[in-house]
2 protein chains.
Amino acid sequence: AQLSLERDYETQREYDTRFRVLMENTTEAVLFVSVLTGEITEANSAAVALVDRPLESLIGNQLSGCFEGRKRGDMVDALASQAISDMNNKTKADLRGNGGTVQIYPTLFRAAGERVLLCRLVPENKNAVRADALT
Amino acid sequence: AQLSLERDYETQREYDTRFRVLMENTTEAVLFVSVLTGEITEANSAAVALVDRPLESLIGNQLSGCFEGRKRGDMVDALASQAISDMNNKTKADLRGNGGTVQIYPTLFRAAGERVLLCRLVPENKNAVRADALT
């Protein structure tokens, strides 16, 4: 039983490793958000750079806290509704602090029974940021 | 014991779900390649569109088979060496068939004791392709 648990743990780590490597090597800013709590559960380096806040101040904090004039709860509910609608697949929002504007592309999915939003953040002036991110 | 195995399987599926959702929602073309065999183990929809071959003809086939004039083995070894060098972090290569040129950005990592390459493929004329991929 011990051996089988170790093997499961290794498989789990393998999936986790692929996930982390993919997160850190995409040049796109990506956040995962719990729909239930509105809290950010994962963020990659591209998101940290774009939002201009350290990783520690993103993970476990409200997504709405990253944006100007967004209410806790409302924002995540709106993004979740938008994700399952075919009509409008992105939302424009202003980052708090540095004042940049991003398009948020939300995808809703379920993992271990909980609803999760993947949010891709694309800066309006995206070519300038992308060129930086690739170096 | 049965219950604990089920729980482990669920955790594993959760990681796998996040990985798949991230793969399919990044607009960047991504391939995972086994360094040992040179075979593609994972490919996302953006990669399928860019390489212009169905997923079934990518998974389990040689990475080198996607490119003009690349020898089996040599290409993956070169990408693996390049990934751990700080000097040159990309390789230009011509796609077989449609004749487009891409820059390959390789990242080398280890998962469950095996060396794996993540390859991001960026078309030379990347803005045109990106605009398509976002719709």
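These values consider heavy atoms only, across backbone and side chains, with no hydrogens, waters or symmetry-generated copies. So that the names make sense, note that chain A is the first sequence line, chain B the second, and so on, each numbered from 1. As the structure is a prediction and not an experimental result, all values here were calculated from the model.
- Among pairs with a residue in residues 29-45 of chain A, those fulfilling salt bridge (Lys or Arg N to Asp or Glu O under 4.0 Å) read A/Arg20-A/Glu42, A/Glu42-B/Arg18, at least two apart in sequence or across chains.
- Both the backbone and the side chain of A/Val21 come within contact range of chain B, with heavy atoms under 4.5 Å apart.
- B/Leu31 and B/Val48 end up in the same hydrophobic cluster when Ile, Leu, Val, Met, Phe, Trp and Tyr side chains are linked at under 4.5 Å.
- A single hydrophobic cluster is seen to contain both A/Leu58 and A/Leu63, as judged by linkage of ILVMFWY side chains at heavy-atom distances under 4.5 Å, directly or through other members.
- Contact annotation for A/Leu22: both backbone and side-chain heavy atoms come within less than 4.5 Å of a heavy atom of chain B.
- For chain A, the nearby part of B/Thr107 is the side chain; its heavy atoms alone come within less than 4.5 Å.
- Every residue meeting the side chain to side chain contact (heavy atoms under 4.5 Å, CB included) condition with A/Ile84, not counting sequence neighbours, appears here in chain and number order: A/Leu108.
- Annotation: the span from B/Thr26 atom OG1 to A/Met23 atom CE amounts to 11.0 Å, rounded to 0.5 Å.
- Nearest approach of A/Asn25 to B/Glu28, heavy atoms of both residues: O-OE1, 4.4 Å.
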Going through the distances and angles, do A/Thr27 and B/Arg120 end up as a side-chain contact (heavy atoms from CB on, under 4.5 Å)?
CA-CA 10 Å; A/Thr27 60; B/Arg120 282 197 304 121; 3.6 Å; yes

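- B/Val33 is not connected to B/Val116 by any chain of hydrophobic side-chain contacts under 4.5 Å among Ile, Leu, Val, Met, Phe, Trp and Tyr, and they are in different clusters.
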